[in-house]
Amino acid sequence: MKRRALLFFASAGALFFAAFLLNVWVGSAGLSVSEVFSALLGGGTGAAHDIVWVIRLPRLLTAAMLGGALGVSGYLLQTYFRNPIASPFVLGVSSGAKCALAIAMVWAAAGGVALGGALSVLAAFAGALAVTALIVLFASRVRGAATLLVIGVMIGYVCSAVTDLCITFAKEEAIVNLTNWSLGSFAGSDWGDVLVIACFVFPCLAAGLLLAKPIGAFRLGEEYAASMGANVRLCRIALLLLSGLLSAVVVAFAGPVGFVGIAVPHVCKSCLSTSRPALVLPASFLAGADFCLLCDLIARTVVSPAELSVGTVTAIFGAPFVIALLLGRKGT
């Protein structure tokens, strides 16, 4: 297993490095390889330096961190519900965060108040936790994973309907921001956003790794976890809070980005042949970063100079995976 893990992390690390360079180099404004490396090293012309440091680097770092957050959040929710189909997007958690943030954005625009990054995260976090609480309530009443999945989808539809109402009655200056944000995109990120995202994402990842042992015991069943001395209640709270906060950060800065939370943890567990949190958590973060960097590269370049929403690209690659996963499950 150690050899398999080393191979996985080496491959994922190499892919990250390649995706990083491609995202810096490729874009609507053509830059040569020498200009890119010169700008990265602090030199280069003013235009090349600004393109790399002001536009492309903040965007790719945002995509990497939020992609990693989606991978980790998906794994935590799958562990909580013991269901490989669970994810923030499918269970309606992302839609709840989107709904709460849309309401906060409309309210702020009506009062002439600027909604900062941290306040956006808190608003989205409240919505994510509200939907998560509903899902937990329904999970205690239904047995089938498919039924829970349908309930999550329905909650997501309700939240999306409320979001659409917010867009309909929003002020004109807020409509453009709400519409573009609701499609999902890493565009427009700056170094301030990168700092705020890092302040939320990396502490959540560190907390998950610190709790890896009790979470691993919880994954095998609550009775087993209790017999191993793990605090089951603490595990439940930690899984919900960490997954909810990570989902909220993604929605606050990129809008709803789907399917990453399902596909990435499942691929990591298959490649590593284990579900141990100490391995799968960092693997999900790295693989999620790789996936979103590649999807954002496609979104920026395939119809350049126009852009696709990153949610569209992740759906194209992620939806067939979810269908295959559903078809492969029996008795749900």
Side-chain angles (χ1 to χ4, degrees), residues 1-23 59-80 83-90 93-94 184 186 197-198 200-202 204-209 212 215-216 219 239 242-243 246-247 249-250 253-254 256-299 310-311 313-322 324-325 328:
M1 188 173 68
K2 180 183 286 189
R3 185 176 180 180
R4 183 185 289 266
L6 289 174
L7 179 62
F8 175 87
F9 282 106
S11 301
L15 181 59
F16 180 86
F17 182 72
F20 180 94
L21 292 179
L22 283 172
N23 273 271
R59 177 167 180 162
L60 73 88
L61 290 174
T62 296
M65 288 190 292
L66 295 184
L70 284 169
V72 172
S73 179
Y75 173 73
L76 293 175
L77 284 176
Q78 289 171 15
T79 300
Y80 185 93
N83 186 346
I85 307 171
S87 78
F89 187 79
V90 173
V93 177
S94 293
F186 299 121
I197 292 168
F200 281 100
V201 171
F202 289 114
C204 286
L205 178 61
L209 291 173
I215 290 175
R219 182 179 56 83
L239 288 169
L242 292 177
S243 62
L246 289 170
S247 302
V249 174
V250 175
F253 288 95
V257 180
F259 301 103
V260 182
I262 299 179
V264 166
H266 189 76
V267 169
C268 291
K269 287 183 282 188
S270 298
C271 291
L272 294 170
S273 294
T274 181
S275 297
R276 289 173 53 195
L279 284 176
V280 180
L281 279 172
S284 296
F285 185 87
L286 184 55
D290 290 346
F291 185 67
C292 281
L293 280 175
L294 293 173
C295 287
D296 191 47
L297 180 64
I298 294 171
V310 72
V313 181
T314 58
I316 290 172
F317 290 105
F321 181 89
V322 175
L325 189 61

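This structure is a prediction, so every number in the text was calculated from the model and none was measured.
Partners of D290 under the side-chain hydrogen bond (donor to acceptor under 3.5 Å, both in side chains) rule, at least two apart in sequence or in another chain, do not exist in this structure.
When each of S247, S87, S284 is tested with S73 by the rule side-chain hydrogen bond (donor to acceptor under 3.5 Å, both in side chains), just one qualifies, namely S247. With respect to L70, the side chain to side chain contact (heavy atoms under 4.5 Å, CB included) criterion is satisfied by exactly one of T314, V249, V250, V264: V250. Applying the side chain to side chain contact (heavy atoms under 4.5 Å, CB included) test between V310 and each of V257, V260, L66 identifies V257 as the sole match.
At a threshold of 4.5 Å between non-hydrogen side-chain atoms, the residues F17 and L21 count as touching. At least one side-chain heavy atom of S11 sits less than 4.5 Å from a side-chain heavy atom of L7. Residues C292 and F186 meet the side-chain proximity criterion, which asks for heavy atoms closer than 4.5 Å. F285 has its side chain within reach of V201: a pair of non-hydrogen atoms, C-beta onward, lies under 4.5 Å apart.
Interatomic distance, I197 CD1 to T62 OG1, rounded to the nearest 0.5 Å: 4.0 Å. A distance of 9.0 Å separates OH of Y75 from CG of L239, quoted to the nearest 0.5 Å.
The two residues R219 and R276 make their nearest non-hydrogen contact at NH2-N, 4.4 Å. Between R4 and C271, the shortest heavy-atom distance links the atoms CD-O, 2.8 Å. The shortest heavy-atom contact between G71 and P265 is O-CG, 3.4 Å. Pairing each heavy atom of M65 with each of F202, the nearest pair is SD-CE1, 3.5 Å.
Ring geometry for F317 against F291 counts as perpendicular: the plane angle is over 60°, on a 0 to 90° scale with 30° as the lower cut.
The distance between the ring centers of F16 and F9 does not fall below 6.0 angstrom.
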